[in-house]
Amino acid sequence: MIKSIARYILLIAIPYSGWAQHMPANMMNAGAGTNITDHMLIMDSRKSVNPPDIVIEGSPYSSPDFASAFIRAKRGTFNDVPARYNAADDNLEYQLKGTTYVVMPTPNIMLVKFDTYSMIVDKLASRDNSYAFYIRLDSGKATLLMRKPIQFKDAVAPKAIETEGKPARYVEKQVEYYIKVDNEIPRPFNNPKKLVAMLPDHQQELEKFISDNKISKNPQELTKLVAYYNSL
């Protein structure tokens, strides 16, 4: 198992020279280089990055604890990898022998499967040649995807009439939904009717399904709608 995970490191924990540009200087994960050793984050050393009196509210993680994941990459599959998703930096962290490694979203990663949800990597329509992690809600003729981004906000000094400002914090942003048909880039939508208009067929059946089932904009309802479309 150790050899398998070590091979996994060489396959997908690749150098990423632009990593530092996406991280605030006072974030826990700040700093990067151009070789694999610069992608190692030793958890205990984070205390030296942020002094003890610096308060950061919230968390950059969808779930703060490492959980067992199945990972499928282009060159192999790996079981029981302790991993967690950093939604603030859009990267995957995984552990090996007490060290935490960071993996940026690249086409080399095909699937990351946790107990309750799965993630894939695909292009971002809003950025040329950029990739992102997506939560996969349903797949078939059409694939329903979701992103739950978290934003880091710097501390705000108190105003003249205030005794306290705001500490540095992680803030959950609005959930984003995307639809992918065939090999196209995932496209964003913001309500069920717009989703139907983006699909290539069965519009009438889908509109009736929305009306009959009172489909709203939430993961469960949208998954039900896309699952219905994929069954037609």
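Note that the numbering runs from 1 along the sequence shown for the chain.
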CD-CG distance between Glu207 and Leu225, expressed to the nearest 0.5 angstrom = 10.5 Å
For residues Pro192 and Glu221, determine if any side-chain heavy atom of one lies less than 4.5 Å from a side-chain heavy atom of the other.
-> no
What are the two closest non-hydrogen atoms of Ser59 and Tyr170, and how far apart are they?
-> O-CB, 3.5 Å
Considering non-hydrogen atoms only, spot the tightest contact between Ser216 and Asn218 and give its length.
-> OG-ND2, 2.9 Å
Would you say the ring centroid of Phe133 lies under 6.0 angstrom from that of Tyr85?
-> yes
Thr143 versus Ile179: any side-chain heavy-atom pair under 4.5 Å?
-> no
Could you tell me whether Asp122 and Lys180 have a side-chain N and a carboxylate O separated by less than 4.0 Å?
-> yes
Quick one: closest heavy-atom pair of Leu145 and Pro186, and the distance?
-> CD1-CG, 3.7 Å
What's the spacing between Glu176 CD and Leu124 CG if we round to 0.5 Å?
-> 8.5 Å
Start with the C-alpha gap between Tyr101 and Gln95, add the side-chain angles, then the distance that decides, and say whether side chain to side chain donor-acceptor pair (under 3.5 Å) holds.
-> CA-CA 6 Å; Tyr101 295 82; Gln95 290 184 323; over 6 Å; no
Is a donor on one side and an acceptor on the other found under 3.5 Å between the side chain of Glu184 and the backbone of Val181?
-> yes
Any donor-acceptor pair under 3.5 Å linking the side chain of Arg84 with the backbone of Pro64?
-> yes
So how far is it from Leu137 CG to Lys224 NZ, rounded to the nearest 0.5 Å?
-> 14.0 Å
Check: Met198 main-chain N/O paired with Arg187 side-chain donor or acceptor under 3.5 Å | yes
Closest heavy-atom contact between Pro105 and Asp90?
-> CD-O, 3.1 Å
Verify the cluster assignment for Phe209 and Leu232: are they in a single hydrophobic cluster under the rule of side-chain heavy atoms below 4.5 Å apart?
-> yes
Check whether the side chains of Arg147 and Tyr134 place a donor and an acceptor atom closer than 3.5 Å, and report yes or no.
-> no
Return yes if some donor-acceptor pair links the side-chain N/O of Gln203 with the main-chain N/O of Val196 below 3.5 Å, else return no.
-> yes
Are Leu199 and Val226 co-members of a hydrophobic cluster defined by side-chain heavy atoms under 4.5 Å apart?
-> yes
Leu111 side chain near Met119 side chain, heavy-atom distance below 4.5 Å = no
Would you please test Val121 and Thr106 for side-chain contact (heavy atoms from CB on, under 4.5 Å) and show each step?
-> CA-CA 7 Å; Val121 172; Thr106 75; 5.7 Å; no
Asp212 atom CG, over 12 foreign heavy atoms within 6.0 Å = yes
Does any non-hydrogen side-chain atom of Val175 lie less than 4.5 Å from one of Met146?
-> yes
In the single-linkage hydrophobic clustering (I, L, V, M, F, W, Y; side-chain heavy atoms under 4.5 Å), do Tyr131 and Ile71 co-cluster?
-> yes
In sequence, state the C-alpha distance, the side-chain angles, and the governing distance for Lys173 and Ile150, and then conclude on side-chain contact (heavy atoms from CB on, under 4.5 Å).
-> CA-CA 6 Å; Lys173 299 178 67 177; Ile150 294 175; over 6 Å; no
Ring-face cation contact, Tyr229 with Lys141, 6.0 Å cut, 45° max | yes
Under 3.5 Å, is there a donor-acceptor pair between the side chain of Ser231 and the main chain of Tyr228?
-> yes
Drop me the distance from His202's NE2 to Asn230's CG, to the nearest 0.5 angstrom.
-> 10.0 Å
Are Val171 and Ile56 in one and the same hydrophobic cluster, where Ile, Leu, Val, Met, Phe, Trp and Tyr link if side-chain heavy atoms are under 4.5 Å apart?
-> no
Of all heavy-atom pairs between Lys193 and Ile210, which one has the smallest distance, and what is that distance?
-> N-CD1, 4.4 Å
Derivation and outcome, side-chain contact (heavy atoms from CB on, under 4.5 Å), residues Glu172 and Lys148 | CA-CA 7 Å; Glu172 293 183 3; Lys148 301 171 72 174; over 6 Å; no
Just wondering, do Phe70 and Asp115 contact through their side chains at under 4.5 Å, heavy atoms?
-> no
Asn191 vs Phe189 side-chain heavy atoms within contact, under 4.5 Å = no
Test Asn91 against Glu93 for side-chain contact (heavy atoms from CB on, under 4.5 Å), laying out the working first.
-> CA-CA 7 Å; Asn91 61 43; Glu93 298 180 9; 3.9 Å; yes
Path from Leu222 to Tyr117 over hydrophobic side-chain contacts below 4.5 Å | yes
Nearest heavy-atom neighbours spanning Asp138 and Ala227 = OD2-CA, 3.6 Å
Please confirm whether the backbone N or O of Ala88 pairs with a side-chain atom of Asn86, one donor and one acceptor, at under 3.5 Å?
-> yes
